[in-house]
Protein chains: 2
Amino acid sequence: MTESPNIARTAALIGDPARAGMLIALMRGQALTATELAHEAGVALSTASGHLAQLLDGGLIAVRKSGRHKYFALAGEDAAGVIEALMGFAGGTGGPKRQPGPRDPALRRARVCYNHLAGEMGVQLYQSLLARGFLTAGQSGLTLSRQGRDFAHGFGIAEQAISGGRPPHCRECLDWSMRQSHLGGRAGRAFLAAIEAKGWAHRKKGSRVVAFTADGQRAFAIAFPPVPRDESLDLGRVGA
Amino acid sequence: MTESPNIARTAALIGDPARAGMLIALMRGQALTATELAHEAGVALSTASGHLAQLLDGGLIAVRKSGRHKYFALAGEDAAGVIEALMGFAGGTGGPKRQPGPRDPALRRARVCYNHLAGEMGVQLYQSLLARGFLTAGQSGLTLSRQGRDFAHGFGIAEQAISGGRPPHCRECLDWSMRQSHLGGRAGRAFLAAIEAKGWAHRKKGSRVVAFTADGQRAFAIAFPPVPRDESLDLGRVGA
DNA sequence: GCCATGCTTCGGTTAAGATCGAACTATGAC
DNA sequence: GTCATAGTTCGATCTTAACCGAAGCATGGC
């Protein structure tokens, strides 16, 4: 009892099936209206309204008014991280029959995690940047190096897209299906946006799947070459 | 509704104040008996017993029988990761008056996260290993490099302590107070154990604080030198 | 064998909150 | 202005589950 954040309150908020459904729907990254979320969660509009007020109060989601519509979205990377962590746990362990990730192969491959790229390709992007020294772990967290910024510019990312706003521009996000990190934060968002802008891939409407074209997949593999498996000694092979 | 792990169930499990209290207590890393946990959560033994059965069923904790005692502990890194993520969110955002981390400075400095070192010193250890190439992000996740293993051996860590058991020996764990990664997994546990064996620090009983001696703190700074702040360009300074 | 201790199960009480429809408010379209 | 649509608030119902004490099983000490 000496130190206890409101973890129970936040968890209880996510613990209702209707609210959990809404949050999962919001993991697609796009803002949704109250009516859409009500439908997504399978409850009446009045019920949904109450839930949304609670989520808002708990700081898990944010709202933006536009005319007579209200668009709800996840509050930020932190909130998305909690959901992703829970999905990682529930997907890997708590599921009905231990399924280590999403059943849909396309979701495993590439999906949206709040606003950045996750799944196998998300992890590959992250590791590729890290291995080439474009991304480094400094004292103040994960940052883009000098070369990393040059690379980003060459990739078609504007300076302000990665430097504006509040500090944590690079974040790691533990991947639900891969159990490894991928790049989140402002930089993660910028890379996904650039990939879409190049026409390599597009988000499928109403789903978290990021669909790559054949050309896009090829170009991605060149821009973010996979890190060779045994560049470093893999301890996993030694033990088991 | 196309894809939804049991996130609501897991969250609801953590969402009860009594169960949350138990889980937080278990973040200290040591296994506790049902009676101790009942006291920790402030409920009757019968109530606690019910809660523990639920947590067990949900896969969040594991149990080990020893005589007429039953020792409960967190189920693993995944479970601990979920709790830490929730504490990070609730501590930073949902708290009564936005306090970015634990109020106790000692907890911010160095604490136990399930079984490894967290807090400022945990992050420093992680980044120091990463900066020197002892820890690398390979295709199969975070691994100790050749040099990293040599370093670990020189630090007094036996080979089997980092190579035995199941694969994920190195894990990142997003730090509650620092919002940065620290080293978890089997390797994280081994480093904390070695630090304790060297007498640099000891865990305070009944708390998550890891208390370093003056000598220990000095030795730690030499073994894991902090990464210079501007080794890489800090984007955080540019924006704000 | 006996008793003490650690934990579980059972029954009954109580409180919290999820749910809905209906009435109400606010905004935009016409 | 009027009407339609998006969202909120209200009141009533109902399910869920947290809680406790007492009784019931185990296990270990003697």
With distance as the sole test, does Arg208(B) use its side chain to make a donor-acceptor pair with the main-chain N or O of Val112(B) at under 3.5 Å?
-> yes
So which of His182(A), Arg186(A), Arg189(A) actually passes side-chain hydrogen bond (donor to acceptor under 3.5 Å, both in side chains) with His116(A)?
-> His182(A)
Is a side-chain N or O of Glu36(A) found less than 3.5 angstrom from the main chain of Thr33(A), in a donor-acceptor match?
-> yes
Looking only at atom types and distance, does a side-chain atom of Thr213(A) sit under 3.5 Å from a main-chain N or O of Gly216(A), one as donor and one as acceptor?
-> yes
Atom pairs under 3.5 Å, N or O on each side, protein against nucleotides 17-19 of chain D: can you list them with distances?
from, atom 1, to, atom 2, distance (Å)
dA18(D), OP1, Arg19(B), NH2, 3.3
dA18(D), OP2, Arg19(B), NH1, 3.4
dA18(D), OP2, Gln54(B), NE2, 3.1
dC19(D), OP2, His51(B), NE2, 2.6

Would you state whether a donor and an acceptor, one from the side chain of Ser46(A) and one from the base of dG21(C), lie under 3.5 Å apart?
-> yes
Is Thr35(B) side chain donor-acceptor paired with the dG6(C) base, going by distance under 3.5 Å alone?
-> no
Heavy-atom protein contacts under 4.0 Å, nucleotides 23-30 of chain D, coded B base, S sugar-phosphate only, - none | ----BS--
Leu45(A) CG to dC24(C) P, in whole Å, measures 17 Å
Indicate yes or no for a side-chain donor-acceptor contact from Glu77(B) to the backbone of Gly185(B) under 3.5 Å, with no hydrogens or angles considered.
-> yes
Rounded interatomic separation in angstrom, taking CG from Leu55(A) and C1' from dG17(C) | 14 Å
How long is the line joining NE2 of His69(A) and P of dT8(D), in whole Å?
-> 13 Å
Backbone N or O of Met22(B) within a donor-acceptor pair of the Glu40(B) side chain at under 3.5 Å?
-> no
Whole-Å distance between dA16(C) C1' and Arg9(A) CZ?
-> 15 Å
His51(A)-Arg19(A) side chain donor-acceptor pair, cut-off 3.5 Å | yes
Between dT19(C) atom C1' and Met22(A) atom CE, what is the distance in whole Å?
-> 12 Å
Write down the distance between CG (Leu37(B)) and C1' (dT8(C)), rounded to a whole number of angstrom.
-> 15 Å
Is the NZ or CZ atom of Lys198(B) both under 6.0 Å from the centre of the six-membered ring of Phe220(B) and within 45° of that ring's axis?
-> no
Length of the line joining Arg64(A):CZ and dT27(C):C1', which is rounded to integer Å | 16 Å
Separation of dG6(C) P from His39(B) NE2 (nearest whole Å) | 14 Å
Could you tell me if the ring centre of Phe191(B) sits under 6.0 Å from that of Trp200(B)?
-> no
